[in-house]
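Only one structure is covered here, and it is reproduced in the block below.
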Amino acid sequence: MTAINALRSGRRNPAAISLESWCCLMLHALNWGDDARRAELRERIELAKEQRYDPWSTIDVLRAELKAPRPQWARRVELKAGFDSGDIRRTVHFLSGESPEMPAYQLLRLVEKAPCPLYAGGMSLLGETAAHAALWIADVAPFWSVVTLLRAGASDEIVNELFDRATIAMLSPSRIEQLYTQLLRLVDGEIAKLVTATVGDSDALSLRALRVGMDVISRLALRLAPNELDALLTKLAGWLVARVATTGFVLAEPLGTLLSRVLESLPDNAVGRAAELLLPLPIYGEPGYHPKAHEQMWPEPFEGLLNRNRNNSSQTAKPAYWPEVWARLIMGIRSENETLRRRAFIRAYFLHLNHWLSEDEQSAFGEAVWSRSNPATGLPEIFGFRLSLVLHLPCAIEHDAKNILKRGLLNKELRPWKIESGGFNSDHVRSFRVWMNEVAHVFCHPAIASPGSIVLPLEASEAAELLKRLLAWWPTAIALLGDPKYSELPLGDFKLEPVVKEFCKALGESLLLYLPRGHELAAVAEQNLEQLISRGLSVARAIPGRLFQRAELLDSVVESMEGIFISNDAEQVKLATEAMSSWTQAARHSMIPAPPRSLIELLVARVMLRQTTSLDSVIACLVRLIDSGDGQITEHHEHLLFRALAQLANDTSPARLRERFEAGEIERVTIVEGLHTREWVALLAGKMAASFKRRGQPLPDVLVQWRKICEDDSLPEMRRAWEQSA
């Protein structure tokens, strides 16, 4: 205030009046809790406004201008005729006379020159607007842009404008190295600086820079070499226990994002090393380790490792810390703290899947899990996992897991859904879907079950009794979920389609296949399915059971599937392709007729025509047909797919997608879809190559091209696609 009073007592020229108003604005924000001081400062700002110096007006104008989309570099081609014969000159203009980024430069210079910080105390003056300004200047001043993003604490959406997946894929190795080195130095330095500091306001510059820096590093991780990923993971292990992270809320989400993307980027042969590095980390809920962030926000490293499980990270020699860590895991699984119990289980389950455990340790793991059994169900409580997981755990036989699970699923009481006082409880829908999914999974017919799964076969009488109760209850669900009052709610809990999918899956892949052909309950089930069809709902997942009970339905089922496969209904196509897999499996066991060739040709045609709607589901279905090796994918189909693979190699390349985006031909979401498609096409090419190898035939040129693409691609999912298809 002394400096401001000096300004007022001096010469009242425009520069002094302007500077005073900006200083008052900053102090107004800094003194948010002092009403008397803020009133005095507001009065001074109003006096400056009377003399036409209004800082808020300047800020509002810049905010308004920078709300517009990021200016694109417009290219204009000009043709001019010269004097000589055939003299036509072609000039390409990349810039207009006026710089479209001028508002961004104005704002950033204002922040540098005036007492107008991006943040003042707990108040954001220009934070969000400055982040938009950083987008505007990214092409011409990339370093200035990144620094501004860090200072502004830019949101994930803003960062994604500059560093989306396609951009990361195309950045030069030198640019990746430069960005990564600078940001890693910044993050490391800020964490070291804050180790002994008191974590305060979440808008503090250091925390904003840490959050954005970690976000950008997580994106760059896709391009790092294995040794760089290992070093980054080592640093991450330290950051997860750093005081600045555990005593605040701000870094939980960026740490989780960074961790998941680093684990995603690891090559398969580095998963074991990552597990060994992360295993000693404390578990949320253990004594002395209670990060302030909510338990659902705080990252659990082994959740990401479970997603990378390939059964290739087994250990022959245990690390030196093993006895202590293993004792902590067993204690955690036996704990009454649900969060600690679940996280300790995830770690031990990873070790179990990847063969780290001895026989004695397997038994200790199993007994620890069963020690927390729910008296109501008789089964262990493992939050976040389906009940049937217990069938795959040690000690399942000793604790009679199969019979307990079977009794629990068969004896579940199906209470009619009805409107109660205060409305309808969506928990009823979620509970039914969980139960129905378990029924379809656990009682899946052996002819359809996935390799390695454990299924519990049903007696015909058991299947009939369960189906009878289900069909008696089902109309109450249809009546309630079909009510627009609930089905049109924005949340998905009351949607009819997911419930119908679970219902059809249980009928078509389990219950109807256990009944004798022509059973009276099959006719009742068919009536219910026809009602669903009349409402435009997909019953594709019920196809195996329907055809098993009534072979005469084949023509109508095929006609319906053909209609779906030429449509653009993403959900219908997805369900139909999933049904094709179970249909083919049941046919392979001579239970029902095989799908006609016309349906497979329509799937191949969708790939040839590059129909993006549910293309991943279509390719997944074709991959399963190729894996089966039963000749359903013929030489003719292969030649058609080769033509598609050649075109898709170009259409889905990051460079081509970026070129089309910058030309205004496609939206950003199309880039994401294109890269996702490319991953699935790589898997298809790899599966076809594996098929040729099994047959002892040389690879066609297009498959050699895709092998080279996958080997050289900058994105890890592409490199893994070929390896995993072998």
Side-chain angles (χ1 to χ4, degrees), residues 330 333-334 338 341-342 345-346 348-349 352-353 357 359-415 430-474 502-503 505-516 519 521 525 544-545 548 582 585-586 589 591:
I330 294 299
I333 295 171
R334 291 178 175 273
E338 184 180 281
R341 189 164 69 246
R342 178 180 180 276
F345 171 81
I346 289 173
Y349 185 48
H352 165 69
L353 288 177
L357 305 182
E359 289 187 14
D360 289 343
E361 289 164 346
Q362 291 272 10
S363 297
F365 173 42
E367 292 298 339
V369 172
W370 279 91
S371 72
R372 300 302 307 177
S373 296
N374 185 338
T377 64
L379 294 171
E381 288 185 312
I382 310 170
F383 181 76
F385 293 86
R386 57 174 29 155
L387 287 174
S388 53
L389 179 68
V390 298
L391 300 177
H392 297 265
L393 296 180
C395 304
I397 295 176
E398 293 87 336
H399 290 272
D400 199 22
K402 289 184 177 181
N403 287 326
I404 295 174
L405 180 60
K406 184 174 183 177
R407 284 196 302 269
L409 292 175
L410 291 179
N411 296 332
K412 178 179 173 63
E413 182 181 1
L414 294 176
R415 297 179 179 178
R430 286 191 288 269
S431 175
F432 169 78
R433 289 187 58 193
V434 169
W435 172 74
M436 193 84 271
N437 190 277
E438 289 281 15
V439 166
H441 178 73
V442 174
F443 300 134
C444 182
H445 195 279
I448 293 178
S450 302
S453 63
I454 299 176
V455 296
L456 307 181
L458 288 174
E459 299 291 338
S461 59
E462 294 172 326
E465 176 59 28
L466 181 55
L467 181 57
K468 181 179 178 181
R469 291 195 296 118
L470 181 61
L471 293 175
W473 168 88
W474 179 246
E502 304 294 350
F503 175 75
K505 182 180 176 182
L507 263 60
E509 299 178 10
S510 177
L511 301 180
L512 290 177
L513 295 176
Y514 284 111
L515 298 180
H519 195 282
L521 285 175
F548 178 76
S582 54
Q585 284 182 265
H589 288 79
M591 297 187 69

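In this text the structure is predicted, and so the values were computed from the model without any measurement.
Under a 3.5 Å cut-off, the side chain of S510 and the backbone N or O of F443 do form a donor-acceptor pair. Judged by distance alone, the side chain of R341 and the main-chain N or O of F383 form no donor-acceptor pair under 3.5 Å. The main-chain N or O of L410 is found under 3.5 Å from a side-chain atom of R469 such that the two form a donor-acceptor pair. Side chain of H589 to backbone of M591: no donor-acceptor contact under 3.5 angstrom is found.
Among all heavy-atom pairs drawn from S388 and V442, the shortest one is CB-CG2, 3.4 Å. Of all heavy-atom pairs between C444 and Y514, the closest is O-OH, 3.4 Å. Nearest heavy atoms, A464 versus L521: O-CD1, 3.3 Å. Between I333 and A348, the shortest heavy-atom contact is CD1-CB, 3.8 Å. Here the closest non-hydrogen pair linking I448 and P544 is CD1-CB, 3.9 Å. Shown here for A440 and K505, the closest heavy-atom pair between the two residues is CB-CG, 3.9 Å.
Rounding to the nearest 0.5 Å places CG of L389 at 9.5 Å from CD of E438. Rounding to the nearest 0.5 Å places NE2 of H399 at 11.5 Å from CG of L379. For the atom pair CD (E459) and CD (E465), the distance works out to 14.0 Å, reported to the nearest 0.5 Å. The line from SG of C395 to CG of D400 is 13.5 Å long, rounded to the nearest 0.5 Å. Put simply, CG on L387 and NE2 on H441 are 11.0 Å apart, with the number rounded to the nearest 0.5 Å.
Between V455 and L391, every side-chain heavy-atom pair lies at or beyond the 4.5 Å cut-off. In this structure, the side chains of N403 and L456 stay at 4.5 Å or more apart for every pair of heavy atoms. Residues E367 and R334 have side chains in contact (heavy-atom distance under 4.5 Å, counting atoms from C-beta outward). Residues E462 and K406 meet the side-chain proximity criterion, which asks for heavy atoms closer than 4.5 Å. Using a 4.5 Å cut-off on side-chain heavy atoms (C-beta onward), H392 and H352 make no contact. Side-chain contact check for I404 versus V390: every heavy-atom pair is 4.5 Å or farther apart.
The local environment of CZ in R386 is crowded, with over 12 non-hydrogen atoms from other residues, nucleotides or ligands closer than 6.0 Å. Taking a 6.0 Å sphere around NZ of K402, one finds it holds 12 or fewer heavy atoms contributed by other residues, nucleotides or ligands.
Screening Y349, W370, F345 against F365 for a ring pair (Phe, Tyr, Trp, His ring centres under 6.0 Å) leaves a single residue, F345.
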Requested in this report: Check step by step if side chain to side chain contact (heavy atoms under 4.5 Å, CB included) holds for I346 and F385.
Outcome: CA-CA 10 Å; I346 289 173; F385 293 86; 4.0 Å; yes
Report task. Could you give me the CA-CA distance, side-chain angles and deciding distance for H445 and S582, then say whether side chain to side chain contact (heavy atoms under 4.5 Å, CB included) is met? Result -> CA-CA 10 Å; H445 195 279; S582 54; over 6 Å; no
Report task. Any chance you could lay out the side chain to side chain contact (heavy atoms under 4.5 Å, CB included) test for L470 and F503, step after step, and finish with the verdict? Result -> CA-CA 9 Å; L470 181 61; F503 175 75; 3.9 Å; yes
Report task. Show the numbers, then the answer: is there a side chain to side chain contact (heavy atoms under 4.5 Å, CB included) between L393 and I382? Result -> CA-CA 12 Å; L393 296 180; I382 310 170; 4.0 Å; yes
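For E398, the side chain to side chain donor-acceptor pair (under 3.5 Å) test picks out no residue, with sequence neighbours left out.
Classified by interplanar angle (parallel below 30°, tilted 30° to 60°, perpendicular above 60°), the ring pair W435/F432 is tilted.
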